[in-house]
**Student:** 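For reference, the structure I am asking about is given below.
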Protein chains: 2
Amino acid sequence: MGKGLETRERILAIAEASVLAKGFGATSIDEIIADAGITKSGFFYHFKDKNELARAMLLRYVRSNNHLFDDVFGRGTQLSDDPLQAFLIGLKLLAEVMADLPNGHPGCLIASVCYQERMFDREVRAIAANSVQGWNARFRATLDEIAKVHPPHEAVDLDTVADMMSCIVDGGIIMSKLMDDPRRLEKQVLAFRAFVKMLFAPAPASRPAHAVSAA
Amino acid sequence: MGKGLETRERILAIAEASVLAKGFGATSIDEIIADAGITKSGFFYHFKDKNELARAMLLRYVRSNNHLFDDVFGRGTQLSDDPLQAFLIGLKLLAEVMADLPNGHPGCLIASVCYQERMFDREVRAIAANSVQGWNARFRATLDEIAKVHPPHEAVDLDTVADMMSCIVDGGIIMSKLMDDPRRLEKQVLAFRAFVKMLFAPAPASRPAHAVSAA
DNA sequence: CCGAAAACCGTACTTCAAGTACAGTGTTTT
DNA sequence: AAAACACTGTACTTGAAGTACGGTTTTCGG
């Protein structure tokens, strides 16, 4: 990585942390440059204004999230030929990754943008919307594969189940941040996993409906 | 309502809309007072600073949300003696309310605070955390009632299922705002409803496991 | 090793919002 | 009629966003 890209990356990382902690409007350029050890001129050399910073931050975030999903669900398909088992393995791995973040999940930039939409131009909002749409389509395709082999037990819309994945993660992040308990997010992902399992897994004949109680 | 309270309420409503659209840090007092038709002095007569405004906004939001929950789930218990059916009715009503909001759900102030935590003092963050904790406890109690009558089919942690309710709503709000489609939120609530149903409802003997396909 | 492009630094400035301070005014309540 | 309430008006300080632009150092291909 060249020196220019390195500085740019440092700015983006610092800005992301600040935006997730204080919001975009309250993130000051003076603070960013102080943390990055550069001057204001240096900042504006890399980004012509705050909107360009936002665009770059978002693209960076989306790329890293895509890598994460490729990683965990790719591993899932390596470990099982059954699409349902592969997805369940991927969800378990995802939950583990979420739980292993040292200070908990720092937050979802997409959600942050969503709650400050009027601060951004159309392009930034489009990046956010398209990314989520892409993730939903990805999960929808996975669910289709599963449904081909394991017809669902309940007549639910698979698009909605695919959406649910993103909703659970975003909601789980909020919950875990609010309660200052990283494990809340892990548990939500595992609860979604249980939902998928209940929806598609063949009913085990050995376990009658009333045998298990969690109360 | 006295004249003072009326102005105060007007300020809070305008501020809430602005915070949900732009974030707390980017919400300017000048804009609020312009919309409210008062002067800056008038604003500071009601709230000594922005943190006091945040505190009042949050309390207002929590109260109105509590009323909504009391309303829909209260109606549910009126309409059925079975705790599961009552909860399912409440969820259906909640989904309807969410879908009937004219411009979609404006956003969750708790989530907004969560994504701008460093902007607020400890008290504001405590209000947010306690409120969600309260809702979780409420849903947990409901689930306990249900589990007494209908033992769950899967060994899931009921605290996590209770959390899931808030997660789905917050995630659904983000999703529907992002996609500019209010029905996304409604569908998420109904999907959670399907989850609860699958978890507790007695398996209908008339419908074998492989009879339904949504693909 | 040299020159040009890249990657900055320094200074000065304008604009705008947050928040403070405080004196004054009309209205309502007791 | 007095006091409390609900504001208005003016003036100020502080700080961040963003502009402008000239100067300096570092890097890298030829």
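Scope of the values below: all heavy atoms of this structure, side chains included, with no hydrogens, waters or symmetry mates. All figures in this text were calculated on a predicted structure; none of them were measured in a lab. Each chain gets a letter, A, B and so on, in the order its sequence line appears, and its residues count up from 1.
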**Student:** Using only side-chain N and O atoms of B/T7, determine if any of them is under 4.0 Å from OP1 or OP2 of D/dA6.
**Tutor:**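 Answer no for this pair, as no side-chain N or O of B/T7 is under 4.0 Å from OP1 or OP2.
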**Student:** Examine C/dC8: is either OP1 or OP2 under 4.0 Å from a nitrogen or oxygen in the side chain of A/H46? Give yes or no.
**Tutor:**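 Indeed, a polar side-chain atom of A/H46 lies that close.
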**Student:** In residues 36-44 of chain B, what residues come within less than 4.0 Å of DNA chain C, judged by heavy atoms?
**Tutor:**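 DNA chain C contact set from residues 36-44 of chain B: B/K40, B/F44.
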**Student:** Verify the contact: side-chain N or O of A/Y45 to OP1 or OP2 of C/dC8, cut-off strictly under 4.0 Å; return yes or no.
**Tutor:**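 False: A/Y45 side-chain N/O out of range (4.0 Å or more) of C/dC8 OP1/OP2.
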**Student:** Given atom NZ of A/K50 and atom C1' of D/dT19, what is their separation to the nearest angstrom?
**Tutor:**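 Rounding to the nearest Å, NZ of A/K50 and C1' of D/dT19 are 16 Å apart.
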**Student:** So which of A/D35, A/L53, A/I29 actually passes side chain to side chain contact (heavy atoms under 4.5 Å, CB included) with A/I11?
**Tutor:**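 When side chain to side chain contact (heavy atoms under 4.5 Å, CB included) is applied between A/I11 and each of A/D35, A/L53, A/I29, only A/L53 qualifies.
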**Student:** So that I can tick it off, tell me whether B/R140 and B/D163 are bridged by a salt bridge, with the cut-off set at under 4.0 angstrom between side-chain N and carboxylate O.
**Tutor:**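 Salt bridge absent between B/D163 and B/R140.
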**Student:** Ignoring hydrogens and angles, tell me if any N or O in the side chain of A/S80 forms a donor-acceptor pair with the backbone of A/T77 under 3.5 Å.
**Tutor:**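 No: the side chain of A/S80 does not pair with the backbone of A/T77.
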**Student:** Take the angle between the ring planes of A/F87 and A/F139 and call it parallel below 30°, perpendicular above 60°, tilted in between.
**Tutor:**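 Correct class here is tilted.
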**Student:** Could you state the atom-to-atom distance from CD1 of B/I29 to C1' of C/dA18 in whole Å?
**Tutor:**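 In whole Å, C/dA18 C1' lies 6 Å from B/I29 CD1.
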**Student:** What is the distance, rounded to the nearest whole Å, between atom CZ of B/F47 and atom C1' of C/dA18?
**Tutor:**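 Whole-Å distance recorded here is 16 Å.
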**Student:** Can you measure A/I33 atom CD1 to C/dC9 atom C1' for me and round it to whole angstrom units?
**Tutor:**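 Between C1' of C/dC9 and CD1 of A/I33: 11 Å.
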**Student:** Please state how far atom CZ in B/R10 lies from atom P in D/dA6, giving the value in whole angstrom units.
**Tutor:**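 One finds 13 Å between P of D/dA6 and CZ of B/R10, rounded.
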**Student:** Would you verify whether the NZ or CZ of B/K22 falls within 45 degrees of the ring axis of A/F24 while also being under 6.0 Å from that six-membered ring's centre?
**Tutor:**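 No, B/K22 does not lie over the aromatic ring of A/F24.
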**Student:** CD of B/E52 versus C1' of C/dA18: gap in Å, rounded?
**Tutor:**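 Interatomic distance, CD of B/E52 to C1' of C/dA18: 16 Å.
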**Student:** From CD of B/E31 over to P of C/dC16, roughly how many Å is that when rounded to an integer?
**Tutor:**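 Taking atom P of C/dC16 as the reference, CD of B/E31 is at 15 Å.
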**Student:** For the pair made of NZ in B/K22 and C1' in C/dA18, what is the distance, rounded to whole Å?
**Tutor:**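 That distance rounds to 13 Å.
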**Student:** Counting N and O atoms only, with roles assigned by atom type, does the side chain of B/K177 sit under 3.5 Å from a partner on the main chain of B/P106, one being a donor and the other an acceptor?
**Tutor:**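 Here the side-chain-to-backbone pair exists.
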**Student:** Does B/K50, at its NZ atom, have more than 12 non-hydrogen atoms belonging to other residues, nucleotides or ligands within less than 6.0 Å?
**Tutor:**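 Result for NZ/B/K50: enclosed.
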